[in-house]
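Model, not experiment: these values are computed from the prediction. Order of the sequence lines sets the chain letters (A, B, ...), proteins ahead of strands, with each chain counted from 1.
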Protein chains: 2
Amino acid sequence: MNEKQPLTMKDIAAQLGVSVATVSRALKNSPNISKQRRELIQQYAREHDYYPNVIAEQLRHSRQKPSQIIGVILPQIVHYYFASILSGIEEKAKERGYRIMVAQSDEQYEREREICESFMKNKVCGIIVSQAKDTEQYDHFKKLVNNGIPLVFYDRICPALNASRVVVDDYQGTYKAVSYMIETGCKRVAFYGSNMNMEISKNRLNGYKDALYHHGLQPSDELIKQCDNRSDAEKLTPAMLHMKNRPDGFFAINDETAIGIMYTAKRLGFRVPEDVAVCGFTDSERAVSCDPMLTTVKQDGREVGSQATDVLIDTVEGKLPMDRAEKRMVRTRLVVRGTTR
Amino acid sequence: MNEKQPLTMKDIAAQLGVSVATVSRALKNSPNISKQRRELIQQYAREHDYYPNVIAEQLRHSRQKPSQIIGVILPQIVHYYFASILSGIEEKAKERGYRIMVAQSDEQYEREREICESFMKNKVCGIIVSQAKDTEQYDHFKKLVNNGIPLVFYDRICPALNASRVVVDDYQGTYKAVSYMIETGCKRVAFYGSNMNMEISKNRLNGYKDALYHHGLQPSDELIKQCDNRSDAEKLTPAMLHMKNRPDGFFAINDETAIGIMYTAKRLGFRVPEDVAVCGFTDSERAVSCDPMLTTVKQDGREVGSQATDVLIDTVEGKLPMDRAEKRMVRTRLVVRGTTR
DNA sequence: TATCTTAATGCAAACGTTTGCGCGTCATTT
DNA sequence: AAATGACGCGCAAACGTTTGCATTAAGATA
């Protein structure tokens, strides 16, 4: 009973006493099928819930045109920014008639490799990916490109590869945020970043430093820390606030960290934002859930996902050349709330 | 140059001067191929990065066994609970050798229908789905079942269909939470729920009512409201708190709403939890980002996703019968934090 | 040496489509 | 009345696999 086989063109052809070729052409609205036959066949298909077998179509076309399935690799799904990006990818893909297969790398190189391989076997037409933190080898990516599968990076790009990428303007976003903090009275702003071999960390750090320079301040190593999550922030921040020359502002690489800083400061008796200002990055749901609400640099994940998908599909469809990397940048926007003056 | 075609068995066969059949058998470790040939072929394949064409395999097997691709439908991805579930699905699917295609319905029936159709065409082996709020027709689901494609619901199930489902114990979770509020001193607990034709709303409401009964309290209509997001909560709550006989506790159907209630109360000068206690449902990132941190009923999305995937794959592989609906319930746990006494 | 096993391989059909080519039928043109 | 052309349709190959069956060659037995 499980064995109900789906209706095929062959079935229709047999029922209607015509050839499979005729059925195919009729359903594709080919002009060289007589009007009556065409309509007869289409009606039959409609009434009997005929669905074309994409697998067969794809096999038939495999030499000439790629599939319409995009592979998406995320370091992790449960993460506001990544979920937003995925949502943007899904919407745009659907809009342009593509489907997505998704997999998470869990920040592990090995998984990333396996996923790439599996996507190759499944004949995706291209891959949208943010590198795992772990990844320091790129053969798996190169192999894809060698096999003619286009690649678009988002968020965590692969600087060693000249591939297409869509990122937010980390430098500008940070620059504007830190400038704002200084202009509203901060004299010593600290920077909490991630692993400094990630492009995204570097760019934000540069934005931070330049903002200081342009306001006549000098970056100081004791104010630049590697710290990108809440529990680390709660451990690290008390020491920072007890320095002789304590910071009066913190810029954090994400909202989670910023919230950790903020609550730690409050717990220690500092007023936010009067004594200590805090700014995050992302504008996740958290940013409006804390008290006071978080000032943060909004990065529009949906837009990043949407653009990455456009770039990929344009490449797949030949509207963009495979051999030239398309690099796009999505604007960030400073959202001022309660944790800055 | 884009035209680099992937290596096929035919290519290998030609290179090595054997037939395609031999290559196939050698790569599948068939015993009736001589050891030397087998190793020769496998080595060649390895060295030249041969990847089997899943599309072709699938077509070949289409009559006998289903594909290894699971279709997943989410009302929306950017939603902590749904993202957790998706993550759980992805992990379990990968573990069992399946891939997932994902699509969001945006809470619209029409989209849901289109997605089902597209999944059928793409020959997914089964579908994991949470209904759109919108959906009140079930033909698209029935059509799937009729075509032998198993269906597993999560979160928002379809009561009209006797299909497999994995949900959390909404009733028990709510019952325990409200009981806890009463036992720690609340005399009048309000309930903010969703659209009452959703199973999940009904079950939670029942849990709420029974908790009242068992503690000698009577539910009162003026304390039961339809309100499931923050902005509605901020509009509705002031009136509630200015009633002559105001509630001293609020149970909300999700964390977002609970946070809206909590901040509104604080803004109006009530102390939380002393004057007003609040409890949410989900235990999202928000719950630990607010101040005080939110007491809430934790629903483990990863586990729900994982179990739903197990049920689906077991059905696909024939370990569970198609005709009997498997119904599973995942335990919730009350997480007590700062918004209750 | 002739016959029988057994092992190793190839042939070809099938999965469900698409599509170039050719064939027959009919109406139009000379 | 013969030639031309258009139209509508079917044949068959192809996409990359898998697999039942036939085939071959070698070794074992009589």
Side-chain angles (χ1 to χ4, degrees), chain A residues 3-42 45 48-68 120-125 147-148, chain B residues 3-42 45 48-68 120-125 147-148:
Chain A
E3 304 317 323
K4 183 154 181 332
Q5 293 293 350
L7 192 69
T8 71
M9 288 191 173
K10 201 196 273 189
D11 301 328
I12 301 184
Q15 275 303 314
L16 267 42
V18 297
S19 77
V20 197
T22 304
V23 176
S24 172
R25 285 190 254 254
L27 293 177
K28 284 270 143 40
N29 275 317
S30 159
N32 21 343
I33 296 292
S34 72
K35 203 153 180 255
Q36 321 118 38
R37 260 203 207 296
R38 202 189 325 163
E39 279 169 4
L40 179 71
I41 292 174
Q42 292 188 357
H48 293 75
D49 283 330
Y50 168 76
Y51 296 107
N53 184 330
V54 180
I55 302 299
E57 283 176 351
Q58 216 165 287
L59 182 60
R60 177 74 238 267
H61 288 132
S62 49
R63 288 271 159 175
Q64 302 118 65
K65 66 176 181 193
S67 78
Q68 310 232 90
M120 288 207 51
K121 293 191 202 162
N122 280 280
K123 301 291 168 191
V124 299
C125 64
N147 279 48
Chain B
E3 303 316 324
K4 182 151 181 331
Q5 293 293 352
L7 191 69
T8 73
M9 289 193 174
K10 202 196 277 189
D11 301 328
I12 301 185
Q15 276 302 313
L16 266 42
V18 297
S19 77
V20 198
T22 303
V23 175
S24 173
R25 285 190 254 255
L27 292 177
K28 284 270 144 36
N29 276 316
S30 161
N32 25 341
I33 293 293
S34 70
K35 203 154 181 256
Q36 322 118 38
R37 261 206 208 293
R38 200 185 330 158
E39 279 169 3
L40 179 71
I41 293 174
Q42 291 189 357
H48 294 75
D49 282 329
Y50 168 75
Y51 295 109
N53 184 330
V54 181
I55 301 300
E57 284 175 351
Q58 215 164 290
L59 181 59
R60 177 73 236 267
H61 289 134
S62 48
R63 286 273 160 174
Q64 301 118 66
K65 65 176 182 193
S67 77
Q68 311 233 87
M120 289 208 49
K121 293 191 204 164
N122 280 280
K123 302 291 168 191
V124 299
C125 62
N147 279 47

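Between A/Ala26 and A/Arg38, the shortest heavy-atom contact is O-CG, 3.5 Å. Taking both residues in full, the closest heavy atoms of B/Pro66 and B/Cys125 are given as CB-CB, 3.9 Å, listed atom of the first, atom of the second, then distance.
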Report task. Show your reasoning for whether side chain to side chain contact (heavy atoms under 4.5 Å, CB included) applies to A/Ile33 and A/Thr22. Result -> CA-CA 7 Å; A/Ile33 296 292; A/Thr22 304; 3.8 Å; yes
Query raised in the report: Should A/Asn53 and B/Lys121 be marked as a side chain to side chain contact (heavy atoms under 4.5 Å, CB included) after you check the CA-CA gap, both sets of side-chain angles, and the distance that decides it?
Result: CA-CA 5 Å; A/Asn53 184 330; B/Lys121 293 191 204 164; over 6 Å; no
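Taking only side-chain nitrogens and oxygens, B/Arg37 comes nearer than 4.0 Å to OP1 or OP2 of C/dT9. Considering only side-chain N and O atoms, B/Ser34 lies under 4.0 angstrom from the phosphate OP1 or OP2 of C/dT9. Within the structure, every side-chain polar atom (N or O) of B/Thr8 is placed at least 4.0 Å from both OP1 and OP2 of D/dC15. The phosphate of D/dT17 (OP1 or OP2) has no side-chain N or O of B/Lys28 nearer than 4.0 angstrom. For C/dT17, one of the phosphate oxygens OP1 or OP2 lies less than 4.0 angstrom from a side-chain nitrogen or oxygen of A/Tyr50.
In this entry the distance linking CG of B/Leu59 with P of C/dA13 reads 17 Å, nearest Å. B/Gln58 places its CD atom 13 Å from the P atom of C/dG16, with the value rounded to the nearest Å. Per the geometry, NZ belonging to A/Lys121 stands 15 Å off C1' belonging to D/dT17, to the nearest Å. Regarding B/Glu39, its CD atom lies at a distance of 15 Å from the C1' atom of C/dA8, rounded to whole Å. For A/Asp11 and C/dT17, the CG to P distance is 9 Å, given to the nearest whole Å. Between the CG atom of A/Asn32 and the C1' atom of C/dG24 there is a distance of 15 Å, given to the nearest Å. Counting to the nearest Å, the C1' atom of C/dG16 and the CD atom of B/Gln64 are 14 Å from each other. Rounded to an integer number of Å, the gap from B/Ile55 CD1 to C/dT17 C1' is 13 Å.
For the pair A/Val18 and B/Val20, nearest-nucleotide mapping onto DNA chain D gives the more 5' position to A/Val18. Between B/Ile33 and A/Lys10, the residue anchored nearer the 5' end of DNA chain C, judged by the nucleotide with its closest heavy atom, is B/Ile33.
Of the candidates C/dG10, D/dC15, C/dT19, the closest approach to any side-chain atom of A/His61 belongs to C/dT19. Among the nucleotides C/dT9, C/dC15, D/dT17, the one closest to any side-chain atom of B/Thr22 is C/dT9.
Heavy atoms of A/Ser62 sit under 4.0 angstrom from primed sugar atoms or phosphate atoms, though from no base atom. Residue contacts shown for A/Asn53 are limited to sugar-phosphate atoms, with no base heavy atom under 4.0 Å away.
By the 4.5 Å heavy-atom criterion applied to side chains, A/Gln58 and B/Leu59 are not counted as neighbours.
With hydrogens and angles ignored, a donor-acceptor pair closer than 3.5 Å exists between the side chain of B/Arg25 and the base of C/dG10.
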